[in-house]
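Working notes for the structure below.
Heavy atoms only: backbone and side chains are in, while hydrogens, waters and symmetry mates are out. Computed from a predicted structure; not experimentally measured. Counting convention: from 1, in listed order, for ligands and their atoms alike.
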Amino acid sequence: MNIDTAHSDQRDDNAVVRCVVADSDRRQRVRLVETKQEPCTIVIFGASGDLTRRKLVPALYRLYAEGGLSDSFLIIGTSRTEMTHNDFRNIMKKAVPLYCNVDRKLWEFFATRLFYTTVEYNNPATFIDLGTFLSSLERDHNLPGNRIYNLAIPPSLYKMTIRMLGESGLSDERRHEQGWPRVVIEKPFGRDLATAIDLNETLREYFHERQIFRIDHYLAKETVQSILMFRFANSIFEPIWNRNYIHDVSIIAAESLGVEHRAGYYEEAGVLRDMFQNHMMQLLSTTAMEPPSLFEAERVRDERVKLFRSLRPFSHDLDSDNVILGQYGGGVIDGTEVPAYRDEHGVSASSLTPTFAMLTVLIDNWRWQGVPFYLTSGKRMARKLTEIVVNFKEVPHSLFRAVLGEHISANRLIMGIQPDERITLTFQTKSPGSNIALRSVTMDFNYLQSYEGPILDAYEKVLLDVIGGDHMLFWRQDGLELTWSYLTPVLDFCETCAERSSRLQIYESGSWGPETARDKISIHSRRI
Ligand code: NDP
């Protein structure tokens, strides 16, 4: 742990004070995967796509390399594109090293477990063939029939694919006498409340709730999970984690990337569907929920849902102070000129899709009454940054006011999620010397400094939990419905309101968003 000086108007020198991490902590080596998982077959729909090559197969390879997968596993890629097993293996062999280190010997074995077959998402016969293919492979490899159907396909295909899985008997637990079939659905789960309900009804027609895993990979990030430990495994924070001591909370998830090759999806989704309904809401619930009585999936999810129920609804007349919307214009990022959103390939030249939003969220419960939560997310911002900033209240009375003035910088706790995985606490100390002067110093806990070894990637954790049948880090339908319903007035405003064009502020790429939001980000998160 370090103590470093930080920016402060009361700072008068740059001294750095260091504390050393206890040796026992330094030596602590995290065993990433404690237990071997059950043998299983992972069936990836959309195997010719981006998510498969960038996230899913690299995560599965790392799990295998770290000893987290059973020795008996199969990965079956499937989509419409015609490919042989070897084509699929070769594509993955080129793609995976771009995202993780690959050991040649380990890869050789891993590749023997990769297979590919085609499927037409609207053709029942191809699903029957898929079932036959899976059963025969499982027989050859002595696998019990535990199956994960991972839907890495465009959301418009979810319902049809689920129906095909159901109608062909692939979802049926009774047919898998010694195994379990499970289904994993990527975000976004629906595009509004009605479609989320509709998708869930289709799912529940063919799958039991215990078989369904609705992903939010943000929840699986080590640092997000650690927030619950930080809050509920220490006795000193929870007593001050409320309206009596906290002035405001800022949750920011900024990206420097633009829409890249996903313009088709993003034009439909925008920042509210892409980030707020899922990741931002989960970061909010992790920060603000009440302590569950046990660290157990249903109890934790109950508390998240209770928090979502306490959100103060947006009025239909959305105040421009509470909802700031933006879209990136051109600019320069890392010395390179980047185009405006409307000039991106696949984006309409008159698009009104927001790529930035800052929402002021209020929570109507005893703990948080009157404490604003500023939720900000945007593309093409100054840099990639996800963090939660808890701003405490100033001291109630400054006995130093004769020398230092009325205001003393308030304490601030920052929980960094990416790229810096750390927790920092800023507080005031006396500057050395005969004058009375304060300086802000920062206690800084950095995950990577105190643990040796790699950190489990979010997709690895998600896949491990699906194999282990643990729902803790997955959405429950009631939570999804509450968050969709909470955001409906904002979505309606963005899509149908006559004022939407005048309310969409164009911001320069490489900045911290529209000017009105920049002031708030600067005050509440001190990032610019
Ligand atoms: P892609 O657009 O790359 O699509 C995946 C595959 O689906 C394609 O390779 C294609 O395979 C098939 N497909 C695409 N469009 C159609 C169509 N109109 N009809 C039939 N098949 C089609 O998607 P991603 O891999 O980027 O994403 C998959 C899912 O994961 C999506 O739901 C996305 O929202 C979600 N997601 C993606 C993330 C990412 O970083 N990529 C991050 C988080 C979630 P083929 O033509 O061979 O059938």
Side-chain angles (χ1 to χ4, degrees), residues 42-60 76-85 87-88 91-92 95-96 98-99 115-123 126-127 129-130 148-165 183-192 195-196 199 202-203 213-221 253 255 257-282 345-346 353 377 379 384 386 418 457-463 466 473-475 480:
I42 297 130
V43 186
I44 304 177
F45 289 88
S48 60
D50 179 71
L51 189 71
T52 304
R53 85 180 147 258
R54 242 170 18 92
K55 298 281 185 193
L56 296 176
V57 178
L60 286 165
I76 319 298
T78 182
S79 52
R80 296 171 307 176
T81 303
E82 292 287 344
M83 256 193 273
T84 64
H85 303 312
D87 291 340
F88 184 54
I91 291 171
M92 293 307 141
V96 174
L98 301 176
Y99 306 105
F115 294 87
Y116 184 86
T117 185
T118 51
V119 77
E120 292 286 340
Y121 304 106
N122 58 356
N123 181 347
T126 63
F127 279 74
D129 291 347
L130 173 66
I148 294 170
Y149 303 115
N150 199 315
L151 306 193
I153 43 178
S156 54
L157 300 176
Y158 287 166
K159 267 183 71 173
M160 188 192 293
T161 310
I162 292 160
R163 202 169 283 288
M164 291 293 156
L165 283 170
V183 65
V184 179
I185 298 124
E186 274 295 336
K187 70 142 206 197
F189 193 95
R191 53 171 284 108
D192 52 25
T195 50
L199 176 57
T202 306
L203 265 172
F213 293 78
R214 305 173 188 87
I215 284 194
D216 191 324
H217 71 270
Y218 252 58
L219 275 183
K221 289 180 187 288
E255 290 180 77
L257 292 178
V259 285
E260 309 302 297
H261 54 282
R262 303 188 74 211
Y265 154 76
Y266 202 83
E267 272 284 86
E268 292 286 311
V271 70
L272 292 162
R273 291 192 173 87
D274 188 48
M275 290 299 293
F276 279 77
Q277 183 277 323
N278 32 64
H279 309 323
M280 299 304 280
M281 285 293 142
Q282 289 293 12
H345 182 67
T353 302
S377 181
K379 286 197 175 290
K384 184 181 173 81
T386 304
Q418 60 186 17
D457 160 88
Y459 266 92
E460 287 176 66
K461 175 71 180 144
V462 160
L463 289 162
V466 179
L473 302 179
F474 296 83
W475 278 95
L480 277 165

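Asp129 and Thr126 share no side-chain donor-acceptor pair at under 3.5 Å.
A perpendicular orientation is assigned to the rings of Phe474 and Phe213, their planes being inclined by more than 60° (bins at 30° and 60°). Ring pair Phe45/Tyr121 is tilted by interplanar angle, where 30° to 60° counts as tilted.
Applying the side-chain hydrogen bond (donor to acceptor under 3.5 Å, both in side chains) criterion to Arg54, with sequence neighbours excluded, gives Asp50.
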What short N/O contacts, under 3.5 Å, does ligand 1 make with the protein, listed by atom pair and distance?
{"from": "ligand 1", "atom 1": "3 (O)", "to": "Asp50", "atom 2": "N", "distance (Å)": "3.1"}
{"from": "ligand 1", "atom 1": "9 (O)", "to": "Ser48", "atom 2": "OG", "distance (Å)": "2.7"}
{"from": "ligand 1", "atom 1": "9 (O)", "to": "Gly49", "atom 2": "N", "distance (Å)": "3.1"}
{"from": "ligand 1", "atom 1": "11 (O)", "to": "Ser48", "atom 2": "OG", "distance (Å)": "2.8"}
{"from": "ligand 1", "atom 1": "19 (N)", "to": "Arg80", "atom 2": "NH1", "distance (Å)": "3.3"}
{"from": "ligand 1", "atom 1": "21 (N)", "to": "Arg80", "atom 2": "NE", "distance (Å)": "3.3"}
{"from": "ligand 1", "atom 1": "21 (N)", "to": "Arg80", "atom 2": "NH2", "distance (Å)": "3.3"}
{"from": "ligand 1", "atom 1": "25 (O)", "to": "Asp50", "atom 2": "N", "distance (Å)": "3.1"}
{"from": "ligand 1", "atom 1": "25 (O)", "to": "Leu51", "atom 2": "N", "distance (Å)": "2.8"}
{"from": "ligand 1", "atom 1": "32 (O)", "to": "Ile153", "atom 2": "O", "distance (Å)": "2.8"}
{"from": "ligand 1", "atom 1": "32 (O)", "to": "Tyr158", "atom 2": "OH", "distance (Å)": "2.8"}
{"from": "ligand 1", "atom 1": "34 (O)", "to": "Lys187", "atom 2": "O", "distance (Å)": "3.1"}
{"from": "ligand 1", "atom 1": "34 (O)", "to": "Arg262", "atom 2": "NH2", "distance (Å)": "3.4"}
{"from": "ligand 1", "atom 1": "40 (O)", "to": "Arg54", "atom 2": "NH2", "distance (Å)": "2.4"}
{"from": "ligand 1", "atom 1": "41 (N)", "to": "Asp50", "atom 2": "OD2", "distance (Å)": "2.7"}
{"from": "ligand 1", "atom 1": "46 (O)", "to": "Arg80", "atom 2": "NE", "distance (Å)": "3.2"}
{"from": "ligand 1", "atom 1": "46 (O)", "to": "Arg80", "atom 2": "NH2", "distance (Å)": "2.8"}
{"from": "ligand 1", "atom 1": "47 (O)", "to": "Ser48", "atom 2": "OG", "distance (Å)": "2.7"}
{"from": "ligand 1", "atom 1": "47 (O)", "to": "Ser79", "atom 2": "OG", "distance (Å)": "3.2"}
{"from": "ligand 1", "atom 1": "47 (O)", "to": "Arg80", "atom 2": "N", "distance (Å)": "3.3"}
{"from": "ligand 1", "atom 1": "47 (O)", "to": "Thr81", "atom 2": "N", "distance (Å)": "2.9"}
{"from": "ligand 1", "atom 1": "47 (O)", "to": "Thr81", "atom 2": "OG1", "distance (Å)": "2.4"}
{"from": "ligand 1", "atom 1": "48 (O)", "to": "Arg80", "atom 2": "N", "distance (Å)": "2.8"}
{"from": "ligand 1", "atom 1": "48 (O)", "to": "Arg80", "atom 2": "NE", "distance (Å)": "2.9"}

- Task: Quick one: do Leu257 and Lys379 satisfy side chain to side chain contact (heavy atoms under 4.5 Å, CB included)? Show the steps, please.
- Result: CA-CA 6 Å; Leu257 292 178; Lys379 286 197 175 290; 5.5 Å; no
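Inter-residue side-chain proximity for Tyr218 and Gln282 is flagged as unmet; no heavy-atom pair is nearer than 4.5 Å.
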